Amino acid sequence: MHSSAVFLIEFGAVILGLGLLGRLAGRLKFSPIPLYLLAGLAFGEGGLLPLGASEEFVATGAEIGVILLLLMLGLEYTASDLVSNLKTQYPAGLVDAVLNALPGAVMALLLGWGPVAAVVLAGVTWISSSGVIAKVLGDLGRLGNRETPVILSILVLEDLAMAVYLPIVTALLAGAGLAAGSVTLAIALGVAGLVLFLAVRYGRHISRFVSSDDPEKLLLVVLGLTLLVAGIAQQLQVSAAVGAFLVGIALSGEVAEGTHHLLSPLRDLFAAVFFVFFGLHTDPASIPPVLLPAMTLAVITAGTKIATGYWAARRAGISARGRWRAGGTLVARGEFSIVIAGLAVTAGIEPSLGPLATAYVLILVVLGPLTARWTEPVARRVTARLAARCEPAAAAAVEGEGEGDGVAEEPREVVDDPDAVGRRS
């Protein structure tokens, strides 16, 4: 059969399957991300029906999917919002790095992989998946919640930290000297700083340049500008996701609203392709040997991410429910973790690192949407049960100590969660 015909059949089957899975997830009121990942495993190497002709196109579509996810997330906030959140949330970024990078480094050292592998695995466990979390926030309707800026600030700090981390890891893996590594790092920091400066300082001019009453022209200009900036950023050792996100925050007003409306269908399509591509390059047979350490690491770092989000949201004055939602939303790992592990696999540092990272990410990318949905209700029920158990004992103690003192207990104030419907003004 002609190669173009095979490509159309394969890619058409993938898109049709994704549509049916999305419909099933919608009926079950569940995020479709885990189903997309399982579909990727089925179509990938060692799966039921491996792809051939369309794999390269799916890889390109996956890159576009991540870029569009971050662009759309950036459109939700202005440049002033970003700067304000970064100034207030940088301590949360430090807590995030310590709590979540340390378990990966310790695990690598315990497995005897050496210091370079420890630095690599620390990055794998540190960075949350901006793509998965952006999709989950949209699916759960939480983009306007008051805890979402806290989540966004942590994700942006992580993405910007990658501009520092990736050149360092690349230099370590290549055995580069201090001078060469310093030059690469300086270029990465300079580019990230320049793009952020342009987005904050000249955002209005960029919006005016992009603005158009014709939806077709607006779509072409915004999409072209986003891909161009993302490509240049990646070429200069800065994350393409960071570039796309900064383009999003540079656009404001009617341009942002029109762009959001036009690009939403494209985002959903290519985001689904991204999650399928993630599963395509995972051989199911390589997972069982590293499943136990991967599960151990996943459980530990899921807890540390929840603690990170809870602490950051509490520091920002968010209610208890919003704190648990913030922590549960940050659990998913994804694209950055695979990129980091891929660098180590290519350099031949440790053969088992790739399968371990893949199994770890697969566990958390499936668990992440679940923790985002259920962490807050579960925590609320557990807290209520603990309070119910403690109240009789406390009441008995008070009765024994102050029996007959004539002081009545004041009724407790019940405050509904103010964060569930909070919107950015």
Side-chain angles (χ1 to χ4, degrees), residues 7 9-52 54-73 128-143 241 263-284 286-287 294 298 328-339 341-342 357-374:
F7 163 76
I9 292 173
E10 286 185 355
F11 193 64
V14 170
I15 298 301
L16 176 60
L18 292 177
L20 295 176
L21 290 175
R23 183 180 296 179
L24 174 63
R27 290 184 177 179
L28 298 175
K29 296 182 179 180
F30 186 74
S31 173
I33 293 173
L35 300 181
Y36 294 159
L37 289 167
L38 292 176
L41 286 173
F43 287 115
E45 179 183 353
L48 300 176
L49 187 62
L51 297 180
S54 61
E55 185 172 351
E56 184 176 350
F57 184 83
V58 171
T60 303
E63 293 184 16
I64 296 175
V66 175
I67 289 170
L68 290 180
L69 281 170
L70 270 296
L71 169 67
M72 300 296 279
L73 191 60
S128 297
S129 171
S130 300
V132 174
I133 292 172
K135 178 66 174 174
V136 168
L137 287 173
D139 289 341
L140 297 178
R142 295 181 181 173
L143 288 175
L263 288 179
S264 291
L266 283 177
R267 174 202 58 187
D268 294 338
L269 169 63
F270 285 107
V273 172
F274 161 70
F275 296 118
V276 169
F277 175 76
F278 188 84
L280 284 177
H281 291 272
T282 302
D283 185 355
S286 67
I287 294 179
T329 303
L330 287 170
V331 166
R333 270 57 159 202
E335 57 275 9
F336 270 134
S337 298
I338 293 300
V339 169
T358 301
Y360 169 79
V361 171
L362 280 173
I363 292 170
L364 288 184
V365 84
V366 173
L367 184 64
L370 299 178
T371 58
R373 174 69 178 84
W374 295 106

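Just so it is clear, the structure is predicted and the values come from calculations on it, not from any experiment. Computed from heavy atoms alone, side chains included, the values below leave out hydrogens, waters and symmetry copies.
In this structure, Leu18 and Leu269 have side chains that are not in contact, with every pair of non-hydrogen atoms separated by 4.5 Å or more. Leu362 places a side-chain heavy atom less than 4.5 Å from the side chain of Thr358.
Just one residue in the list Leu140, Thr329, Val136, Asp139 forms a side chain to side chain contact (heavy atoms under 4.5 Å, CB included) with Arg373, and that residue is Leu140.
Among all heavy-atom pairs drawn from Thr371 and Gly328, the shortest one is OG1-O, 2.8 Å. Contact detail for Met72 and Leu263: the closest heavy-atom pair is SD-CB, 3.7 Å. Residues Ala272 and Tyr36 share a closest heavy-atom pair of CB-CE1, 3.7 Å. Taking every heavy atom of both residues into account, Leu364 and Arg333 meet most closely at CD1-NH1, 3.7 Å. Between Ile133 and Leu330 the shortest heavy-atom distance is CD1-CA, 3.9 Å.
In this structure, Ser129 contributes its side chain and Ala332 its backbone to no donor-acceptor pair below 3.5 Å.
Here the straight-line distance linking atom CG of Leu68 with atom CZ of Phe270 works out to 7.0 Å at 0.5 Å rounding.
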